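Scroll down for the structure; my scribbles are underneath it.
In what follows, chains carry the letters A, B, and so on, assigned in the order in which the sequence lines appear, proteins first and then strands, with residues in each chain numbered from 1. Because the structure is a prediction, the values reported are computed rather than measured.
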Amino acid sequence: MEKIYNPHSIEQRWYETWESNNYFSPDLTDSSKKNNSYCIMIPPPNVTGSLHMGHAFQDTIMDTLTRFHRMKGDNTLWQPGTDHAGIATQMVVERLINAEGKTRHDVGRDAFIEKIWDWKKESGNTITKQLRRMGASLDWPRERFTMDDGLSEAVKEVFVQLYEEDLIYRGKRLVNWDPVLHTAVSDLEVLSEEENGHFWHMRYPLSDGSGSLIVATTRPETMLGDSAVAVHPDDERFQSMIGKTIKLPLSDREIPIIADDYVDPEFGTGCVKITPAHDFNDYEMGKRHDLPIINIFTVDAAINENAPEKYRGMDRYVARKSIIKDLDEADLLVKIEDHRLMVPRGDRSGAVIEPYLTDQWYVKIAPLAEPAIKAVEDGDIKFVPDNWKNTYYEWMNNIEDWCISRQIWWGHRIPAWYDDAGNVYVGHDEQAVRIKHKLNDDIQLRQDDDVLDTWFSSALWPFSTLGWPEKTQELDTFYPTNVLVTGFDIIFFWVARMIMMGLKFTGEVPFKEVYVHGLVRDSHGQKMSKSKGNVLDPIDLIDGIELETLVAKRTKGMMQPQMAKKIEKATRKEFKDGIPSFGTDALRFTFAIQATTGRDIKFDMGRIEGYRNFCNKLWNASRYVLMNTEGHDCGIGGLEKHKNMSFSLADKWITSRLQETQKQVIDSLNTYRLDLAAQAIYEFTWNEYCDWYLELSKSVLSIDNESNRDAQQGTRYTLVSVLENLLRLTHPIMPYITEEIWQRVAPLAGISKDTIMLEPYPQPDADKVNQAALDEMNWLQQFVLGVRQIRSGYDIKPGKPLIVLLQNGSAIDKERLLNNELMLKKLARLETIKWLEESDDVPESSTALVGEMQLLIPMAGLIDVDAERERLNKEITNNQKFIKGLEGKLSNENFVSRAPENVVALERQKLSDAQGKLKSLTEQLEKLKSL
RNA sequence: GGGUGAUUAGCUCAGCUGGUUAGAGCACCGCCCUUACAAGGCGGGGGUCAUAAGUUCGAAUCUUAUAUCACCCA
């Protein structure tokens with residue numbers, strides 16, 4: 001093995017091996033495995049997208065769970081696939097066409113869609129290649145795409161069924177209209193943010209000339225569509241005006257003054273202009289009062305022919321200016337206030353969304369939501385962490401009908417046809433519609449131009465990918481799936497809709513648990529975004545990137561070029577030497593150890609560097625093991641085959657600790673605490689296996705004679721078996737490095753298999769936990785630590801051999817010393833260890849305690865008496881404080897009588913230990929004084 | 001305005017159903033290139049657990065209020 005861990009040379013090779021051997025595929029030939037199936041559906045990434053840090057985090061979680069369950073013996077499927085991402089993809093391709101100076105309308109619908117398919121072929125494997133780089137063990141032969149034939153069939157089937165049950169309807173409603181994209185978008189695709197704006201106060205004169213009202217608005221151009229002015233029914237200021245009419249300025253229409261509870265008398269002037277065609281609240285009020293709905297906008301949000309001629313054709317903001325000017329000239333503009341208001345923008349186009357009256361398709365959601373709420377209430381679906389169910393309820397209880405039609409070209413075209421009379425026919429295809437409704441060929445049918453919201457097909461993902469509506473073996477085996485891993489941002493878009501559709505069409509929940517993870521942010525806690533220039537590409541962390549390339553990447557194609565300088569400066573400052581190559585395993589470990597439930601991750605370069613170092617540590621520890629075991633007798637088969645093999649304290653201890661670690665890792669993975677699992681692995685590997693066990697093994701391996709053969713065999717056996725177990729334990733989180741090392745180590749443990757990833761996951765064995773060994777090892781560690789502290793405290797060179805004298809030892813201490821003298825000498829660099837008799841003179845020493853036993857290092861020429869005195873005094877003071885606290889506690893009648901017995905006993909034990917220690921420290925101080 | 005979460009060492013975070021002299025990594029200080037690893041070893045310093053009140057024999061942990069921050073929904 002190379003001296004330095006080099007992820008590059010191993011990762012690519014192993015992934016190809018795994019994939020080409022179909023190790024990722026579940027076994028469907030054996031029906032007995034049906035009962036222990038495990039399945040995760042990947043949230044399908046946009047087919048034309050590329051991997052970002054959020055994906056990398058999420059995929060690490062899913063792959064860790066998948067590999068864990070596969071090794072546990074479950075029949076495991078991680079289902080891959082991509083999403084056609086209607087608007088996003090269409091926009092990408094449209095931009096390409098725009099660059100050629102054409103629009104999609106110049107190209108035409110069919111040709112445009114053809115171009116998108118071409119684009120998909122070209123760029124669609126970017127993200128799947130990147131998923132492979134992450135080590136994701138997805139079953140690639142099953143890869144699906146939301147627009148492939150099978151899934152499209154499922155979409156039609158669902159649409160037709162819902163329509164036939166009156167759960168899909170077509171209606172003229174106010175929708176969120178994107179005037180740039182020319183399509184309706186759902187509530188969820190609209191992002192409202194507070195922006196600076198104005199509040200215009202306008203005077204509306206009464207028709208009878210008896211006075212006027214002042215209305216305030218943030219969108220004055222909508223006055224062209226006003227059909228009433230509303231006041232609160234109890235508002236005394238306006239009582240006399242209710243029922244009268246107003247002469248609407250500029251339009252010269254007469255509109256009524258109405259009373260409605262909705263009006264907040266405190267807000268603005270207490271009078272609200274009502275524009276039912278262009279405001280959601282006004283629309284509702286218009287329905288209540290039977291007001292006319294006057295649409296004044298074109299699809300571009302320019303003024304249409306329903307408005308006075310003067311304004312027709314003007315863009316909404318041009319019209320706004322013109323209207324303000326005209327009002328001002330007519331002396332009807334009272335004042336303009338600065339105002340912060342919520343501005344709704346399309347999440348794709350960034351355009352200000354207008355409420356707009358159009359014909360759209362809707363899903364009647366209430367009948368679907370009810371069972372979906374119940375499934376969570378009944379515990380059929382559990383959220384992890386649990387509190388997300390509140391967010392889910394909150395939304396589900398206030399859910400509105402879902403607008404599923406989009407006026408774009410890329411997507412599943414709505415399976416509805418119209419005849420010339422305007423009748424609607426819904427069916428799988430035109431032929432089916434004709435047969436069902438007995439329509440002759442001479443009747444012209446025209447398919448609806450709209451396509452379905454992308455989330456409509458995503459909602460079917462958990463069962464459509466498994467072959468639904470066919471009754472497939474895959475559905476039978478893997479549905480309901482086990483867990484959905486997702487960010488909270490799409491609980492509404494996607495999770496809730498999958499639950500509703502899953503229950504509706506399969507009668508079962510689509511997944512039993514929803515694991516909600518946090519967002520990956522930059523090191524300052526900022527969201528990563530192109531415009532901030534703080535985006536990290538997971539592939540760059542794996543492969544490394546030169547500073548210049550990184551700067552170029554971050555500043556290319558900026559929306560606001562003036563930001564480029566700032567970004568360049570910040571990037572050069574943060575990444576002075578670019579980013580080194582950390583490898584996939586280090587990246588995955590970084591994600592895993594930070595995956596505390598429901599918390600965002602601040603991505604810190606220090607962390608990933610630390611875990612790259614951890615990989616190196618594991619690598620080098622393995623080198624040590626191999627160096628000392630290859631070509632030697634490693635006791636393959638264990639005690640059963642080698643009756644004389646003997647185990648040292650260290651062997652028994654590390655074996656015990658391995659069991660405890662395994663238990664903790666398994667428990668943690670079962671409860672989605674990847675952070676605790678990774679933490680346990682890290683600590684065991686570094687702080688126990690490497691820092692103590694490997695060091696202790698050296699003293700056994702250094703004595704190469706006949707009488708030590710059984711002990712060497714035991715140690716070699718333990719070195720190998722613990723490492724082999726540790727590699728399997730770690731594999732789900734770090735697949736590559738564990739496979740690479742395991743290939744060398746497994747044969748030494750008598751295992752000859754092709755891959756670690758199909759080996760069983762380690763199981764803790766309680767019989768292998770040796771409490772006596774754990775206690776004795778603790779004694780040994782205290783001993784070594786005591787010597788090291790003295791050595792370091794007095795600047796004694798690490799290499800200088802020391803003499804240790806022991807006092808006040810019990811029989812156990814004596815026995816333990818006898819057992820471990822060799823190891824102690826080696827670890828603490830001791831020349832001799834000697835018991836002092838009562839009668840012996842005690843030389844000037846610095847001392848440490850191991851329980852009751854005193855450990856003395858003679859000071860002659862090494863240690864400064866004053867310094868030692870000071871050190872003792874300090875420790876005595878600390879100890880006295882501690883004792884005082886304990887005594888206070890134990891003299892408290894309430895504590896002794898009310899606290900559980902074991903707690904009291906523990907405190908008593910602590911007190912007596914501390915008192916013993918104090919006594920011993922005081923004696924030592926006395927000795928120094930008397931000298 | 002409503003909701004959710006957070007606040008623990010200089011930084012990034014653990015601390016599970018209340019009982020540790022409050023932990024880790026990074027950073028910091030000192031010593032050391034000891035044949036697995038300097039991407040390392042050994043030792044060390046550093047925290048009134050946001051604030052206040054309460055429950056309790058006992059609170060980082062439970063309750064309430066306040067402050068600050070973040071996100072979601074109006």
Exercise. Does any donor atom in the side chain of A:Y693 or A:D651 lie under 3.5 Å from an acceptor atom in the other side chain?
Worked result: yes
For this session: Would you kindly say whether A:E660 and A:Q664 are connected by a side-chain donor-acceptor distance under 3.5 Å?
Result: no
For this session: Tell me which nucleotide among B:G43, B:A39, B:G5 gets nearest to the side chain of A:N387.
Result: B:G5
Problem set entry | B:G43 to B:U68 separation - C1' atoms, rounded to the nearest Å | 39 Å
Seminar exercise, completed: Re B:U66: Watson-Crick or G-U wobble partner, both distances kept under 3.5 Å, found to be B:A50
Problem set entry | Sugar-phosphate only, base, or nothing, as touched by A:N902 at under 4.0 Å among non-hydrogen atoms | nothing
Problem set entry | hbond_proxy A:E695 side chain to B:A36 base (donor-acceptor, 3.5 Å cutoff) | yes
Problem set entry | Selected nucleotide, minimal atom distance to A:R612 side chain, candidates B:C42, B:C37, B:A39 | B:A39
Exercise. Looking across every strand, which nucleic acid part, if any, lies under 4.0 Å from A:C690 by heavy atom: base, sugar-phosphate, or nothing?
Worked result: base
Exercise. So does A:K3 get a side-chain nitrogen or oxygen closer than 4.0 Å to the phosphate oxygens (OP1/OP2) of B:U35?
Worked result: no
Exercise. At under 4.0 Å between heavy atoms, what does A:L626 touch on the DNA or RNA strands: base, sugar-phosphate, or nothing?
Worked result: nothing
Exercise. Across all strands, who's sitting opposite B:U21 as a Watson-Crick or G-U wobble pair, both distances under 3.5 Å?
Worked result: none
Exercise. What is the per-nucleotide protein-contact pattern of nucleotides 11-21 of chain B, from the 5' end, where B denotes a base atom under 4.0 Å from a protein heavy atom, S denotes such proximity for sugar-phosphate atoms only, and - denotes neither?
Worked result: -BSSS---BSB
Exercise. Which part of the nucleic acid, if any, lies within contact of A:N616, taking any heavy atom under 4.0 Å across all strands shown: a base, the sugar-phosphate backbone alone, or nothing?
Worked result: base
Problem set entry | Pair partner, B:A36 [Watson-Crick or wobble, under 3.5 Å] | none
Problem set entry | A:W686 side-chain N/O to B:G41 phosphate OP1/OP2 under 4.0 Å | yes
For this session: Check whether any side-chain nitrogen or oxygen of A:N894 sits under 4.0 Å from OP1 or OP2 of B:U56, and answer yes or no.
Result: no
